[in-house]
Amino acid sequence: MILHLYNTLTRDISPFKPITPGKVGIYLCGATVQAPPHIGHIRSGINFDILRRWLITSGYEVTFIRNVTDIDDKILHNAIHEEMPWWALAQKYERVFTAAYAELNLLPPTYEPRATGHITQMIELISLLVERGKAYPVANGDVYLDVRALDSYLTLSGQKLDDLQSSADGEESIKKNPQDFALWKSAKPGEPSWPTPWGDGRPGWHIECSAMAQAYLGEKFDIHAGGLDLIFPHHENEIAQSNGAGYPFAQRWLHNAWVTTSGEKMSKSLGNTLRIYELLKRVRGIELRWYLGSAHYRSMLEYSPEALDESAVNFRRVESFLKRAANQLGKIPSSHIAEEFAHAMNDDLAVPAALAVISELVKEGNSALAAKDSKNLEVKSAQVRGALAVLGCDPWDDTWAKSDAALEEVVSGLVKSLLEEREVARARKDFESADRIRDRITELGLTLEDTPDGPRWSR
RNA sequence: GGUGGGAUGGCCGAGAGGCGAGGCUCAGGACUGCACAUCCUGCUACACGGGUUCAAAUCCCGUUCCCACCUCCA
């Protein structure tokens, strides 16, 4: 089975065929850097990081663009609130996002363009739209896209132009149609601006993605991804801008669903944001990533602390299997992709089904471990590790492994001497002393188990 | 009003006409000095009412409830 993916445009699952064989271009709408990330932002990043890793594992050469929108209304607003220049605020939060992405082992994008670095491309695109009669400047210096001049509009969200609730924005008088949206906004006092043929101003919300996608992926590319809420208006308007300029634009659209709490979407206005760094106090990064990646990307993920804890327990079972396998094999297992796992991933990235495959492999692997069947153990552990790598949760990945290797060695030595003492006690059937030593070790947060090969400890 | 997505066992969470996904919890068993870990067994669910079918969680009709989008949004 070859990779099948959903397409919001056609609302069905179909075989994925890249424009250029062996190569894939993906544009993911990244952050508007106006505030720290919450787990919803990161879930989106993780979902499409898994897509990217799976494509790479499948042999594709992937160009992955994730933009940074570093100029927009909210950034200007928050900059006043936080009493700093808008560009300082944008950079501050861009760094927080970058750190969070790195902490959760997202591969860095091939290129990560900023909106403010592509004003030239935006102006070129807007000029072309005006030339082609798809956009019009107005007296105050704004430039609007004329949605009724397009060959088609709202193909992605499946709505009808006349059914849209038109916003009461008071500016309607200067627009041809209430649904026309701003490509360019004229300069206001105290706000940043760039010179254009229509006067000084700054970009509208959607134009940056049309301009940057084209700059890095060309006029036609394979996949455009982002959150569900971007379907309308953001992606709809990107299509409008790029098609209006005569470019085919994205061939396939993928949208990830929400992280919700108590059945509701995480949103700033509701004030129930869950910040990454709060959750990292509760579980390790690799466990948070496992959790956020565990639901199907098009399904809502209902957040609760209990669900997060349960998921972490589930991950530790897999992880501890791999660690014990490495111990018995005397080396870290290599990575290999199991056929059933590939089948699940090829079915529109069916991660939940893939997790079921991992569970089975772990079960079989554990049995091989008990039976000292090294050959089988090697196969199963390689397949488990290969699966985890695709999910970005390989325990030996540098992101997670770097932490405290040096300290680990010291602790290991100390625990070892304690265990030797305990073995002496056990040998003379002094279980009271043996249990006392075990309790001490357990109290320190380590897990201890006696195996036929002697005691083993782990964190 | 328009558009889209949901409701699955104690809990989480897949599936989309027949063959009990998987995990967590709990109970029992094997192993163990005990415990942990591991393995085995058990806990037969699909919002409600009709219909189609040899067969429905899955298809059709209707109903209830929930959520999202309709120019701030991952």
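In what follows, every chain begins at residue 1, and chains take the letters A, B, ... in the order their sequences are listed.
A distance of about 9 Å separates the C1' atoms of B/rU58 and B/rG15, rounded to the whole Å. If you take atom C1' in B/rA7 and the same atom in B/rG13, they sit 13 Å apart, rounded to whole Å. Across the P atoms, B/rA16 and B/rG6 are found 12 Å apart, a figure rounded to whole Å. The separation of B/rA57 from B/rG23, taken at their P atoms, amounts to 23 Å, rounded to a whole angstrom. For the P atoms, the distance from B/rC26 to B/rC36 is 11 Å, rounded to whole Å. Nucleotides B/rU41 and B/rG20 are separated by 14 Å at their P atoms, to the nearest Å. When the C1' atom is compared between B/rA37 and B/rC43, the two are found 23 Å apart, to the nearest whole Å. Spacing between B/rC40 and B/rU53 at atom P, rounded to whole Å, works out to 43 Å.
Between the CG atom of A/N67 and the C1' atom of B/rA74 there is a distance of 12 Å, given to the nearest Å. Distance, A/E287 CD to B/rC24 C1': 15 Å, rounded to whole Å. For the pair A/Y93 OH and B/rC72 P, the interatomic distance rounds to 21 Å; values are reported in whole Å. Distance CG (A/D163) to P (B/rC69): 18 Å, rounded to an integer number of Å. A/D430 places its CG atom 16 Å from the P atom of B/rC34, with the value rounded to the nearest Å. As rounded to whole Å, 15 Å separates atom C1' of B/rG6 from atom CH2 of A/W258. In this structure, the OH atom of A/Y291 is 13 Å from the C1' atom of B/rC24, given to the nearest Å. A straight line from NE2 of A/H81 to P of B/rC72 spans 20 Å, rounded to a whole angstrom.
Using a 4.0 Å cut-off between charged nitrogen and carboxylate oxygen, A/K92 and A/E82 count as a salt-bridge pair. Ion pairing of A/E94 with A/R114 is present here, as a side-chain N (NZ or NE/NH1/NH2) and a carboxylate O approach within less than 4.0 Å. Ionic pairing of A/R282 and A/D309 is present here: one or more N-O contacts between side-chain nitrogen and carboxylate oxygen are shorter than 4.0 angstrom. Ion pairing of A/D70 with A/R202 is absent here, as no side-chain N (NZ or NE/NH1/NH2) approaches a carboxylate O to less than 4.0 Å.
For the pair A/R298 and A/Y6, the cation-pi criterion (under 6.0 Å, within 45° of the ring axis) is fulfilled. Relative to the six-membered ring of A/Y101, A/R66 meets both conditions, a distance below 6.0 Å and an angle of at most 45° to the axis. Cation-pi check for A/K176 over A/Y144 is not met; the charged atom does not lie both under 6.0 angstrom from the ring centroid and within 45 degrees of its normal.
Considering A/T98, A/L104, A/L274, A/I42 as possible partners of A/P37, the one that fulfils the side chain to side chain contact (heavy atoms under 4.5 Å, CB included) test is A/I42.
If you check every strand for non-hydrogen atoms under 4.0 Å, A/D309 touches nothing. Within the 4.0 angstrom heavy-atom criterion, only backbone atoms of the sugar-phosphate kind lie near A/G158; the bases stay farther away. Looking at heavy-atom distances under 4.0 Å, A/L230 makes contact with sugar-phosphate atoms alone, never a base. A/D162 comes within 4.0 angstrom of no nucleic acid atom, judged by non-hydrogen atoms across all strands. Residue A/E360 is classed as a sugar-phosphate contact, given heavy-atom separations below 4.0 Å to backbone atoms only. Nucleic acid contact for A/N314: sugar-phosphate only, since backbone atoms but no base atoms lie under 4.0 Å from a heavy atom of the residue. Counting non-hydrogen atoms under 4.0 angstrom, A/V357 reaches nothing in the nucleic acid.
Of the side-chain N and O atoms in A/K265, none sit less than 4.0 angstrom from OP1 or OP2 of B/rA74.
Atom CD1 of A/I126 is separated from atom CG of A/L129 by 7.5 Å, given to the nearest 0.5 angstrom.
Across all strands shown, B/rU32 remains unpaired; no Watson-Crick or G-U wobble contact has both distances below 3.5 Å. Judged by Watson-Crick or G-U wobble contacts below 3.5 Å, the nucleotide B/rG22 has B/rC12 as its partner. Taking a pair to require two hydrogen-bonding distances under 3.5 Å in either a Watson-Crick or a G-U wobble arrangement, B/rC59 pairs with B/rG51. Under the Watson-Crick or G-U wobble criterion, with both distances below 3.5 Å, B/rA74 has no partner in any strand shown.
Nearest nucleotide to the A/H41 side chain, out of B/rC69, B/rU71, B/rA74: B/rA74. Closest to the side chain of A/V259, out of B/rU3, B/rA74, B/rU71, is B/rA74.
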Under-3.5 Å N/O pairs linking protein and nucleotides 11-19 of chain B:
residue : atom : partner : partner atom : Å
B/rA14  : OP1  : A/S299  : OG           : 3.4

Between protein and nucleotides 35-45 of chain B, map the contacts as a letter string: B base, S sugar-phosphate only, - none, heavy atoms under 4.0 Å, written 5' to 3'.
-> BBSSSS-----
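In this structure, A/F431 forms an aromatic stack with the base of B/rG33, since both conditions hold: centre separation below 5.5 Å and plane angle below 30°.
Nearest-nucleotide mapping onto RNA chain B: of A/A31 and A/K429, the residue sitting toward the 5' end is A/K429.
No hydrogens or angles considered: a donor-acceptor pair under 3.5 Å links the side chains of A/R252 and A/S14. In the model, A/Q159 has a side-chain atom that pairs as donor or acceptor with a side-chain atom of A/S157 under 3.5 Å.
The aromatic rings of A/Y303 and A/Y291 stand perpendicular to each other, their planes meeting at an angle above 60°, with 30° marking the opposite boundary.
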